[in-house]
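Accompanying notes for the structure given below.
These figures come from a predicted structure and were not determined experimentally. A, B, ... follow the sequence lines: proteins, then strands. Residue 1 opens every chain.
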Amino acid sequence: MSITEIVFWFLSGLALVSAIMVLLSKNPVHSVLWLIAVFFAISGHYILLNAQFLAIVNLIVYAGAIMVLFLFVIMLMNQGSEPEPRSKSMWIKMAGAISGGSLLLVMVAVIRQSANLVVRNEANDIVPKEAVARVGDIGLIEKLGNVLFTEYVVPFEISSVLFLSAMVGAVVIGKKE
Amino acid sequence: MNIDWILVLEKFLLIATVVTISLVIAMYETWSERKIAALLQDRRGPTRAGPFGLFQPLADGLKLFMKEEIIPNSANRFLFILGPCLAMMAAMMTSAVIPFGGTIEVAGRQVDLQVADVNIGVLYVFAVVSLGVYGIMIGGWASNNKFSLMAALRAASQAISYELAMGLSLIALLFMSGSLSMRDIVTQQMAGDWGGFLGWNVLYQPLGFLIFLIAAFAECNRTPFDLPEAENELNFGYHQEYSSMKLGFYLFAEYINMFISSVIMATLFFGGYDMPFFNESAHAHWGNWLALVGIIALTLKVGFFIFLFMWVRWTIPRFRYDQLMNLGWKKLVPLALANMVITGAVVLWLNDK
(Lines give C-alpha, C1' and ligand atoms only; values in the text may rest on other atoms or scores of the structure.)
Protein backbone atom coordinates (compact mmCIF):
# COMPACT_ATOMS: atom_id res chain seq x y z
CA MET A 1 0.00 0.00 0.00
CA SER A 2 1.24 3.44 -0.80
CA ILE A 3 1.23 6.14 1.81
CA THR A 4 -1.65 7.91 0.10
CA GLU A 5 -3.72 4.74 0.35
CA ILE A 6 -2.91 4.25 4.02
CA VAL A 7 -3.86 7.84 4.75
CA PHE A 8 -7.05 7.44 2.73
CA TRP A 9 -8.22 4.39 4.67
CA PHE A 10 -7.24 5.94 7.96
CA LEU A 11 -9.20 9.10 7.20
CA SER A 12 -12.22 7.16 5.94
CA GLY A 13 -12.25 5.00 9.03
CA LEU A 14 -11.89 8.04 11.25
CA ALA A 15 -14.73 9.81 9.46
CA LEU A 16 -17.07 6.84 9.73
CA VAL A 17 -16.30 6.02 13.35
CA SER A 18 -16.64 9.67 14.36
CA ALA A 19 -19.90 10.04 12.44
CA ILE A 20 -21.33 6.99 14.20
CA MET A 21 -20.13 8.31 17.55
CA VAL A 22 -21.94 11.59 16.87
CA LEU A 23 -25.17 9.61 16.84
CA LEU A 24 -24.34 7.25 19.70
CA SER A 25 -22.95 9.73 22.23
CA LYS A 26 -25.27 10.32 25.15
CA ASN A 27 -23.76 13.70 25.93
CA PRO A 28 -24.48 16.35 23.28
CA VAL A 29 -21.13 18.06 23.93
CA HIS A 30 -19.38 14.81 23.05
CA SER A 31 -21.48 14.62 19.88
CA VAL A 32 -20.29 18.06 18.85
CA LEU A 33 -16.67 17.12 19.46
CA TRP A 34 -17.06 13.94 17.39
CA LEU A 35 -18.61 16.02 14.63
CA ILE A 36 -15.52 18.23 14.68
CA ALA A 37 -13.44 15.08 14.25
CA VAL A 38 -15.58 14.23 11.19
CA PHE A 39 -14.82 17.65 9.71
CA PHE A 40 -11.12 17.11 10.25
CA ALA A 41 -11.25 13.74 8.50
CA ILE A 42 -13.13 15.25 5.56
CA SER A 43 -10.62 18.09 5.34
CA GLY A 44 -7.92 15.45 5.21
CA HIS A 45 -9.69 13.90 2.23
CA TYR A 46 -9.79 17.29 0.52
CA ILE A 47 -6.04 17.63 1.00
CA LEU A 48 -5.56 14.16 -0.54
CA LEU A 49 -7.52 15.44 -3.54
CA ASN A 50 -5.17 18.44 -3.72
CA ALA A 51 -8.00 20.79 -2.76
CA GLN A 52 -6.21 22.65 0.01
CA PHE A 53 -8.43 25.68 -0.16
CA LEU A 54 -11.59 23.64 0.35
CA ALA A 55 -9.92 21.76 3.18
CA ILE A 56 -8.97 24.87 5.07
CA VAL A 57 -12.24 26.69 4.41
CA ASN A 58 -14.11 23.63 5.65
CA LEU A 59 -12.14 23.89 8.89
CA ILE A 60 -12.52 27.67 9.25
CA VAL A 61 -16.24 27.76 8.54
CA TYR A 62 -17.51 24.52 10.04
CA ALA A 63 -15.05 23.51 12.72
CA GLY A 64 -14.02 27.05 13.60
CA ALA A 65 -17.26 28.99 13.54
CA ILE A 66 -20.42 26.92 13.22
CA MET A 67 -19.43 24.23 15.70
CA VAL A 68 -18.36 26.86 18.22
CA LEU A 69 -21.88 28.27 18.05
CA PHE A 70 -23.29 24.74 18.42
CA LEU A 71 -21.18 24.24 21.52
CA PHE A 72 -22.37 27.60 22.77
CA VAL A 73 -26.00 26.60 22.56
CA ILE A 74 -25.48 23.12 23.95
CA MET A 75 -23.39 24.30 26.89
CA LEU A 76 -26.08 26.77 27.87
CA MET A 77 -28.84 24.19 27.63
CA ASN A 78 -29.96 22.57 30.83
CA GLN A 79 -28.56 19.14 30.28
CA GLY A 80 -29.87 15.78 31.38
CA SER A 81 -32.78 17.14 33.38
CA GLU A 82 -35.66 16.01 31.19
CA PRO A 83 -35.89 14.40 27.76
CA GLU A 84 -36.95 16.63 24.92
CA PRO A 85 -40.68 16.76 24.45
CA ARG A 86 -41.54 14.77 21.37
CA SER A 87 -43.46 16.77 18.85
CA LYS A 88 -46.33 14.88 17.32
CA SER A 89 -47.32 17.54 14.85
CA MET A 90 -48.45 16.22 11.50
CA TRP A 91 -46.57 18.97 9.65
CA ILE A 92 -43.29 18.09 11.27
CA LYS A 93 -43.68 14.45 10.30
CA MET A 94 -44.49 15.47 6.72
CA ALA A 95 -41.50 17.81 6.60
CA GLY A 96 -39.27 15.05 7.97
CA ALA A 97 -40.53 12.56 5.40
CA ILE A 98 -39.98 15.01 2.53
CA SER A 99 -36.45 16.02 3.59
CA GLY A 100 -35.47 12.41 4.29
CA GLY A 101 -36.85 11.41 0.89
CA SER A 102 -34.87 14.13 -0.88
CA LEU A 103 -31.70 13.01 0.87
CA LEU A 104 -32.35 9.45 -0.30
CA LEU A 105 -32.92 10.74 -3.83
CA VAL A 106 -29.62 12.59 -3.83
CA MET A 107 -27.78 9.56 -2.51
CA VAL A 108 -29.32 7.24 -5.10
CA ALA A 109 -28.37 9.74 -7.80
CA VAL A 110 -24.79 9.82 -6.53
CA ILE A 111 -24.55 6.04 -6.49
CA ARG A 112 -25.99 5.84 -10.00
CA GLN A 113 -23.52 8.49 -11.14
CA SER A 114 -20.67 6.56 -9.66
CA ALA A 115 -21.54 3.71 -12.03
CA ASN A 116 -19.63 5.83 -14.53
CA LEU A 117 -16.58 5.41 -12.38
CA VAL A 118 -15.98 1.83 -13.51
CA VAL A 119 -13.99 0.87 -16.57
CA ARG A 120 -13.23 -2.36 -18.37
CA ASN A 121 -9.70 -3.66 -18.08
CA GLU A 122 -7.79 -5.68 -20.68
CA ALA A 123 -9.60 -8.91 -19.73
CA ASN A 124 -12.91 -7.10 -20.22
CA ASP A 125 -13.80 -7.30 -16.51
CA ILE A 126 -15.52 -4.38 -14.89
CA VAL A 127 -13.16 -2.79 -12.40
CA PRO A 128 -13.45 0.46 -10.55
CA LYS A 129 -11.55 3.37 -11.95
CA GLU A 130 -8.46 4.08 -9.96
CA ALA A 131 -8.94 6.96 -7.59
CA VAL A 132 -6.72 9.87 -8.40
CA ALA A 133 -5.13 11.60 -5.51
CA ARG A 134 -2.87 14.63 -5.32
CA VAL A 135 -3.44 15.59 -8.95
CA GLY A 136 -5.46 18.35 -10.55
CA ASP A 137 -5.51 21.93 -9.41
CA ILE A 138 -9.20 22.75 -9.39
CA GLY A 139 -9.22 22.88 -5.60
CA LEU A 140 -6.47 25.47 -5.42
CA ILE A 141 -7.62 28.95 -4.57
CA GLU A 142 -6.64 30.59 -7.86
CA LYS A 143 -8.44 28.10 -10.10
CA LEU A 144 -11.44 27.97 -7.82
CA GLY A 145 -11.74 31.75 -7.83
CA ASN A 146 -11.58 31.86 -11.62
CA VAL A 147 -14.26 29.20 -11.98
CA LEU A 148 -16.52 30.79 -9.38
CA PHE A 149 -16.38 34.22 -10.95
CA THR A 150 -16.71 33.17 -14.57
CA GLU A 151 -18.57 29.92 -15.10
CA TYR A 152 -20.64 29.87 -11.90
CA VAL A 153 -20.98 33.58 -11.27
CA VAL A 154 -24.81 33.57 -11.22
CA PRO A 155 -25.25 30.77 -8.67
CA PHE A 156 -22.44 32.33 -6.65
CA GLU A 157 -24.14 35.71 -6.53
CA ILE A 158 -27.52 34.18 -5.79
CA SER A 159 -26.13 32.22 -2.86
CA SER A 160 -24.50 35.37 -1.50
CA VAL A 161 -27.91 37.08 -1.64
CA LEU A 162 -29.24 34.10 0.30
CA PHE A 163 -26.56 34.59 2.95
CA LEU A 164 -27.34 38.29 3.11
CA SER A 165 -31.03 37.61 3.67
CA ALA A 166 -30.16 35.10 6.39
CA MET A 167 -28.01 37.73 8.07
CA VAL A 168 -30.74 40.34 7.88
CA GLY A 169 -33.18 37.78 9.26
CA ALA A 170 -30.90 37.02 12.18
CA VAL A 171 -30.57 40.71 13.01
CA VAL A 172 -34.34 41.21 12.81
CA ILE A 173 -35.02 38.24 15.10
CA GLY A 174 -32.35 39.37 17.53
CA LYS A 175 -33.76 42.90 17.73
CA LYS A 176 -37.31 41.83 18.55
CA GLU A 177 -37.03 41.98 22.32
CA MET B 1 7.73 3.19 -1.76
CA ASN B 2 9.97 6.08 -2.46
CA ILE B 3 10.36 8.35 0.49
CA ASP B 4 12.90 11.11 0.74
CA TRP B 5 14.04 10.21 4.25
CA ILE B 6 16.43 13.12 4.43
CA LEU B 7 13.54 15.50 3.78
CA VAL B 8 11.54 13.81 6.52
CA LEU B 9 14.48 14.16 8.89
CA GLU B 10 15.00 17.77 7.87
CA LYS B 11 11.38 18.68 8.49
CA PHE B 12 11.39 16.77 11.76
CA LEU B 13 14.41 18.67 12.98
CA LEU B 14 12.89 21.94 11.83
CA ILE B 15 9.62 21.25 13.66
CA ALA B 16 11.51 20.28 16.82
CA THR B 17 13.57 23.47 16.62
CA VAL B 18 10.57 25.71 16.03
CA VAL B 19 8.61 24.12 18.87
CA THR B 20 11.55 24.36 21.25
CA ILE B 21 12.18 27.97 20.34
CA SER B 22 8.50 28.85 20.81
CA LEU B 23 8.51 27.19 24.23
CA VAL B 24 11.71 28.87 25.35
CA ILE B 25 10.51 32.25 24.13
CA ALA B 26 7.20 31.73 25.91
CA MET B 27 9.16 30.89 29.07
CA TYR B 28 11.17 34.06 28.90
CA GLU B 29 8.10 36.08 28.01
CA THR B 30 6.85 35.36 31.52
CA TRP B 31 10.13 36.70 32.86
CA SER B 32 10.10 39.79 30.68
CA GLU B 33 6.45 40.41 31.51
CA ARG B 34 7.40 40.63 35.18
CA LYS B 35 10.43 42.77 34.44
CA ILE B 36 8.46 45.17 32.24
CA ALA B 37 5.65 45.35 34.76
CA ALA B 38 8.26 46.15 37.37
CA LEU B 39 9.80 48.80 35.15
CA LEU B 40 6.46 50.48 34.54
CA GLN B 41 5.51 50.34 38.21
CA ASP B 42 8.91 51.47 39.46
CA ARG B 43 9.81 48.15 41.08
CA ARG B 44 12.67 45.76 40.46
CA GLY B 45 10.83 42.57 39.50
CA PRO B 46 12.30 39.09 40.04
CA THR B 47 15.92 39.31 41.13
CA ARG B 48 16.57 36.30 43.34
CA ALA B 49 16.83 33.31 41.01
CA GLY B 50 20.02 33.70 39.02
CA PRO B 51 21.44 36.93 37.58
CA PHE B 52 18.64 39.46 36.97
CA GLY B 53 16.21 36.73 38.01
CA LEU B 54 16.87 34.92 34.75
CA PHE B 55 16.16 31.50 36.27
CA GLN B 56 12.78 32.63 37.51
CA PRO B 57 10.84 30.87 34.69
CA LEU B 58 12.58 27.58 35.57
CA ALA B 59 11.62 27.99 39.19
CA ASP B 60 8.05 28.79 38.18
CA GLY B 61 7.86 25.75 35.90
CA LEU B 62 9.22 23.51 38.66
CA LYS B 63 6.67 24.92 41.07
CA LEU B 64 3.81 24.26 38.65
CA PHE B 65 4.99 20.68 38.09
CA MET B 66 5.36 19.93 41.78
CA LYS B 67 1.91 21.18 42.75
CA GLU B 68 -0.88 18.76 43.47
CA GLU B 69 -3.09 18.01 40.53
CA ILE B 70 -6.75 18.33 41.40
CA ILE B 71 -9.59 17.27 39.18
CA PRO B 72 -12.93 18.38 40.63
CA ASN B 73 -15.40 15.57 41.36
CA SER B 74 -18.17 17.04 39.29
CA ALA B 75 -15.95 17.79 36.32
CA ASN B 76 -16.04 15.86 33.09
CA ARG B 77 -12.68 14.07 33.44
CA PHE B 78 -11.82 13.51 29.80
CA LEU B 79 -12.78 16.97 28.58
CA PHE B 80 -11.17 18.56 31.62
CA ILE B 81 -7.83 17.12 30.51
CA LEU B 82 -8.50 17.69 26.81
CA GLY B 83 -9.02 21.44 27.31
CA PRO B 84 -5.43 22.47 28.11
CA CYS B 85 -4.10 19.96 25.54
CA LEU B 86 -6.14 21.62 22.80
CA ALA B 87 -5.14 25.10 23.90
CA MET B 88 -1.48 24.15 23.77
CA MET B 89 -1.79 22.26 20.48
CA ALA B 90 -3.57 25.09 18.69
CA ALA B 91 -0.96 27.52 19.95
CA MET B 92 1.91 25.40 18.64
CA MET B 93 0.36 24.48 15.29
CA THR B 94 0.31 28.00 13.86
CA SER B 95 4.09 28.14 13.60
CA ALA B 96 4.05 25.56 10.77
CA VAL B 97 3.53 28.06 7.95
CA ILE B 98 5.65 30.94 9.23
CA PRO B 99 8.91 31.63 7.38
CA PHE B 100 11.48 32.23 10.11
CA GLY B 101 14.22 33.08 7.69
CA GLY B 102 15.56 32.65 4.19
CA THR B 103 17.29 29.54 2.93
CA ILE B 104 20.34 28.01 4.54
CA GLU B 105 22.67 25.43 3.09
CA VAL B 106 23.46 22.41 5.22
CA ALA B 107 25.71 19.71 3.79
CA GLY B 108 24.88 20.68 0.22
CA ARG B 109 21.15 20.79 0.85
CA GLN B 110 19.01 23.89 0.53
CA VAL B 111 16.89 24.09 3.66
CA ASP B 112 14.03 26.58 3.85
CA LEU B 113 13.59 27.92 7.36
CA GLN B 114 9.89 27.19 7.22
CA VAL B 115 8.11 23.97 8.10
CA ALA B 116 5.61 24.05 5.22
CA ASP B 117 5.27 26.62 2.47
CA VAL B 118 1.65 25.92 1.62
CA ASN B 119 -0.14 28.15 -0.86
CA ILE B 120 -2.87 28.93 1.67
CA GLY B 121 -0.61 29.91 4.55
CA VAL B 122 -2.65 32.86 5.77
CA LEU B 123 -5.86 30.84 5.74
CA TYR B 124 -4.14 28.06 7.66
CA VAL B 125 -3.30 30.54 10.38
CA PHE B 126 -6.95 31.54 10.51
CA ALA B 127 -8.12 27.95 10.74
CA VAL B 128 -5.81 27.23 13.66
CA VAL B 129 -6.67 30.49 15.40
CA SER B 130 -10.36 29.70 15.12
CA LEU B 131 -9.71 26.26 16.63
CA GLY B 132 -7.84 27.79 19.55
CA VAL B 133 -11.07 28.81 21.19
CA TYR B 134 -12.07 25.15 21.73
CA GLY B 135 -9.40 24.69 24.36
CA ILE B 136 -10.89 27.50 26.42
CA MET B 137 -14.52 26.53 25.79
CA ILE B 138 -14.07 22.85 26.57
CA GLY B 139 -11.95 23.54 29.63
CA GLY B 140 -14.40 26.11 30.93
CA TRP B 141 -17.41 23.89 30.41
CA ALA B 142 -15.83 20.70 31.71
CA SER B 143 -14.88 22.39 34.99
CA ASN B 144 -18.58 22.43 35.85
CA ASN B 145 -18.30 25.82 37.44
CA LYS B 146 -20.53 28.77 36.62
CA PHE B 147 -17.71 31.29 36.53
CA SER B 148 -15.62 29.08 34.26
CA LEU B 149 -18.55 28.60 31.90
CA MET B 150 -19.26 32.32 31.78
CA ALA B 151 -15.61 33.02 31.03
CA ALA B 152 -15.54 30.34 28.34
CA LEU B 153 -18.58 31.85 26.65
CA ARG B 154 -17.05 35.29 26.84
CA ALA B 155 -13.84 34.01 25.33
CA ALA B 156 -15.66 32.27 22.49
CA SER B 157 -17.85 35.21 21.55
CA GLN B 158 -14.91 37.58 21.79
CA ALA B 159 -12.75 35.37 19.59
CA ILE B 160 -15.44 34.94 16.95
CA SER B 161 -16.25 38.66 16.88
CA TYR B 162 -12.67 39.77 16.47
CA GLU B 163 -11.82 37.06 13.97
CA LEU B 164 -14.17 38.82 11.55
CA ALA B 165 -12.39 42.14 11.79
CA MET B 166 -9.05 40.37 11.59
CA GLY B 167 -10.02 38.49 8.44
CA LEU B 168 -11.43 41.58 6.75
CA SER B 169 -8.31 43.60 7.52
CA LEU B 170 -6.17 40.87 6.01
CA ILE B 171 -8.26 40.62 2.84
CA ALA B 172 -7.15 44.14 1.93
CA LEU B 173 -3.55 43.02 2.32
CA LEU B 174 -4.16 39.94 0.20
CA PHE B 175 -5.63 42.14 -2.56
CA MET B 176 -2.20 43.74 -2.81
CA SER B 177 -0.08 40.63 -2.50
CA GLY B 178 -2.25 38.39 -4.68
CA SER B 179 -0.87 35.38 -2.83
CA LEU B 180 -1.78 33.56 0.37
CA SER B 181 1.65 32.06 0.89
CA MET B 182 3.51 33.69 3.77
CA ARG B 183 6.85 33.31 2.01
CA ASP B 184 5.53 35.04 -1.13
CA ILE B 185 4.24 37.90 0.98
CA VAL B 186 7.66 38.33 2.61
CA THR B 187 9.52 38.06 -0.71
CA GLN B 188 7.29 40.73 -2.23
CA GLN B 189 7.99 43.08 0.65
CA MET B 190 11.74 42.48 0.39
CA ALA B 191 11.68 43.68 -3.23
CA GLY B 192 10.86 47.26 -2.17
CA ASP B 193 13.26 50.21 -2.32
CA TRP B 194 15.57 51.28 0.52
CA GLY B 195 16.63 47.70 1.08
CA GLY B 196 13.04 46.49 1.35
CA PHE B 197 11.83 49.15 3.76
CA LEU B 198 9.53 50.84 1.24
CA GLY B 199 7.99 47.46 0.43
CA TRP B 200 6.67 46.86 3.93
CA ASN B 201 2.95 46.40 3.88
CA VAL B 202 2.41 48.57 6.92
CA LEU B 203 3.22 51.62 4.77
CA TYR B 204 0.38 50.78 2.40
CA GLN B 205 -2.05 49.29 4.91
CA PRO B 206 -1.68 51.33 8.09
CA LEU B 207 -5.37 51.06 8.93
CA GLY B 208 -5.38 47.35 8.16
CA PHE B 209 -2.41 46.89 10.46
CA LEU B 210 -4.07 48.81 13.28
CA ILE B 211 -7.21 46.68 13.01
CA PHE B 212 -5.12 43.52 12.87
CA LEU B 213 -3.16 44.60 15.93
CA ILE B 214 -6.30 45.28 17.97
CA ALA B 215 -7.85 42.00 16.86
CA ALA B 216 -4.65 40.15 17.75
CA PHE B 217 -4.79 41.58 21.27
CA ALA B 218 -8.36 40.36 21.54
CA GLU B 219 -7.55 36.92 20.14
CA CYS B 220 -4.74 36.44 22.64
CA ASN B 221 -7.05 37.50 25.51
CA ARG B 222 -4.55 40.15 26.50
CA THR B 223 -5.42 43.34 28.33
CA PRO B 224 -7.43 45.47 27.52
CA PHE B 225 -9.43 42.53 26.21
CA ASP B 226 -8.74 39.98 28.94
CA LEU B 227 -12.38 39.68 29.94
CA PRO B 228 -12.34 35.87 29.94
CA GLU B 229 -10.04 36.00 32.94
CA ALA B 230 -11.33 39.14 34.63
CA GLU B 231 -10.52 38.34 38.26
CA ASN B 232 -12.81 40.89 39.80
CA GLU B 233 -15.85 39.63 37.90
CA LEU B 234 -15.21 35.92 37.37
CA ASN B 235 -12.82 34.97 40.18
CA PHE B 236 -10.16 33.63 37.85
CA GLY B 237 -11.92 32.95 34.56
CA TYR B 238 -12.02 29.76 32.56
CA HIS B 239 -9.06 28.12 34.30
CA GLN B 240 -10.34 28.62 37.80
CA GLU B 241 -10.64 24.90 38.59
CA TYR B 242 -7.28 24.04 37.09
CA SER B 243 -4.16 23.45 39.08
CA SER B 244 -0.61 22.30 38.56
CA MET B 245 0.71 21.99 35.00
CA LYS B 246 -2.75 22.01 33.41
CA LEU B 247 -3.09 25.58 34.58
CA GLY B 248 0.47 26.10 33.40
CA PHE B 249 -0.50 24.92 29.93
CA TYR B 250 -3.30 27.47 29.70
CA LEU B 251 -1.02 30.28 30.81
CA PHE B 252 1.75 29.04 28.56
CA ALA B 253 -0.58 28.81 25.56
CA GLU B 254 -1.37 32.48 26.02
CA TYR B 255 2.30 33.39 25.89
CA ILE B 256 2.91 31.20 22.85
CA ASN B 257 -0.06 32.82 21.14
CA MET B 258 1.45 36.19 21.89
CA PHE B 259 4.76 35.14 20.37
CA ILE B 260 3.10 33.65 17.29
CA SER B 261 0.88 36.66 16.69
CA SER B 262 3.91 38.92 17.00
CA VAL B 263 5.66 36.81 14.37
CA ILE B 264 2.61 36.95 12.11
CA MET B 265 2.33 40.72 12.43
CA ALA B 266 6.03 41.10 11.70
CA THR B 267 5.74 38.75 8.73
CA LEU B 268 2.63 40.17 7.13
CA PHE B 269 3.10 43.88 7.77
CA PHE B 270 6.75 44.50 8.65
CA GLY B 271 8.63 42.55 6.02
CA GLY B 272 9.20 39.36 8.00
CA TYR B 273 12.89 38.42 7.90
CA ASP B 274 13.76 41.48 5.81
CA MET B 275 16.47 43.67 7.30
CA PRO B 276 15.52 47.25 6.38
CA PHE B 277 18.06 49.47 4.55
CA PHE B 278 20.03 46.37 3.62
CA ASN B 279 19.78 44.89 0.16
CA GLU B 280 19.64 41.12 0.65
CA SER B 281 19.88 40.18 -3.01
CA ALA B 282 23.19 42.09 -3.34
CA HIS B 283 24.71 40.00 -0.55
CA ALA B 284 23.65 36.57 -1.78
CA HIS B 285 27.26 35.37 -1.48
CA TRP B 286 27.01 35.64 2.32
CA GLY B 287 25.19 32.31 2.29
CA ASN B 288 24.15 31.19 5.75
CA TRP B 289 25.21 34.49 7.31
CA LEU B 290 22.56 36.21 5.21
CA ALA B 291 19.92 33.90 6.69
CA LEU B 292 21.27 34.80 10.13
CA VAL B 293 20.84 38.50 9.34
CA GLY B 294 17.22 37.75 8.40
CA ILE B 295 16.60 35.81 11.60
CA ILE B 296 18.07 38.66 13.67
CA ALA B 297 15.82 41.16 11.86
CA LEU B 298 12.75 39.02 12.53
CA THR B 299 13.74 38.51 16.17
CA LEU B 300 14.09 42.26 16.71
CA LYS B 301 10.67 42.94 15.18
CA VAL B 302 9.07 40.16 17.20
CA GLY B 303 10.74 41.41 20.34
CA PHE B 304 9.29 44.84 19.74
CA PHE B 305 5.78 43.46 19.32
CA ILE B 306 6.05 41.33 22.44
CA PHE B 307 7.18 44.43 24.31
CA LEU B 308 4.17 46.29 22.88
CA PHE B 309 1.83 43.57 24.16
CA MET B 310 3.27 43.94 27.65
CA TRP B 311 3.49 47.71 27.55
CA VAL B 312 -0.22 47.89 26.72
CA ARG B 313 -1.08 45.35 29.39
CA TRP B 314 0.45 47.41 32.15
CA THR B 315 -0.85 50.73 30.83
CA ILE B 316 -4.47 50.36 29.75
CA PRO B 317 -7.28 49.15 32.01
CA ARG B 318 -9.74 46.48 30.94
CA PHE B 319 -12.78 47.27 28.80
CA ARG B 320 -16.32 46.60 29.86
CA TYR B 321 -17.92 43.73 27.97
CA ASP B 322 -20.43 45.83 26.02
CA GLN B 323 -17.62 48.23 25.08
CA LEU B 324 -15.65 45.29 23.77
CA MET B 325 -18.51 44.10 21.59
CA ASN B 326 -19.27 47.64 20.39
CA LEU B 327 -15.67 48.18 19.41
CA GLY B 328 -15.52 44.87 17.58
CA TRP B 329 -18.77 44.96 15.67
CA LYS B 330 -19.65 48.63 15.27
CA LYS B 331 -16.21 50.16 14.78
CA LEU B 332 -13.62 47.63 13.65
CA VAL B 333 -15.78 45.66 11.21
CA PRO B 334 -17.08 48.74 9.30
CA LEU B 335 -13.59 50.26 9.30
CA ALA B 336 -12.12 47.03 7.96
CA LEU B 337 -14.83 46.85 5.31
CA ALA B 338 -14.15 50.43 4.22
CA ASN B 339 -10.43 49.71 4.13
CA MET B 340 -11.11 46.64 2.02
CA VAL B 341 -13.32 48.50 -0.48
CA ILE B 342 -10.87 51.38 -0.85
CA THR B 343 -7.92 49.02 -1.29
CA GLY B 344 -9.85 47.04 -3.87
CA ALA B 345 -10.72 50.19 -5.80
CA VAL B 346 -7.12 51.45 -5.74
CA VAL B 347 -5.75 48.07 -6.82
CA LEU B 348 -8.20 47.95 -9.72
CA TRP B 349 -7.37 51.53 -10.70
CA LEU B 350 -3.62 50.81 -10.66
CA ASN B 351 -4.14 47.66 -12.70
CA ASP B 352 -6.08 49.61 -15.33
CA LYS B 353 -3.42 52.27 -15.74
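- Heavy-atom contacts from other residues, nucleotides or ligands closer than 6.0 Å to CZ of B:Phe80 number more than 12.
- For chain A, the nearby part of B:Ile160 is the side chain; its heavy atoms alone come within less than 4.5 Å.
- For B:Ile120 against A:Phe53, the heavy-atom pair with the smallest separation is CG2-CA, 4.3 Å.
- The two residues A:Phe72 and B:Ala156 make their nearest non-hydrogen contact at CE1-CB, 3.6 Å.
- Summarising the geometry of A:Gly64 relative to B:Ser130, their closest heavy-atom pair is CA-OG, 3.6 Å, with the distance given to 0.1 Å.
- To the nearest 0.5 angstrom, B:Phe126 atom CZ is 14.0 Å from A:Leu59 atom CG.
- In this structure the side chain of A:Ile74 never reaches within 4.5 angstrom of the side chain of B:Trp141, judged on heavy atoms.
- Around atom CG of B:Asn73, no more than 12 heavy atoms belonging to other residues, nucleotides or ligands sit under 6.0 Å away.
- Rounded to the nearest 0.5 Å, atoms CZ (B:Phe78) and CG (A:Leu33) are 8.0 Å apart.
- When B:Val133, B:Leu79, B:Leu149 are compared by the number of non-hydrogen pairs under 4.5 Å with chain A, B:Leu79 comes out ahead.
- The neighbour count for B:Ile6 CD1, taken as heavy atoms of other residues, nucleotides or ligands under 6.0 Å away, does not exceed 12.
- Scanning both residues, A:Ile60 and B:Leu123, for their nearest heavy atoms gives CD1-O, 3.6 Å.
- Counted within 6.0 Å of CZ on B:Phe175, heavy atoms from surrounding residues, nucleotides or ligands total more than 12; the atom is thus considered enclosed.
- B:Leu131 contributes atom CG, which lies 12.0 Å from atom CE of A:Met67 (distance to the nearest 0.5 angstrom).
- Atoms OG and CG, on B:Ser157 and A:Leu69 in that order, are 9.5 Å from each other to the nearest 0.5 Å.
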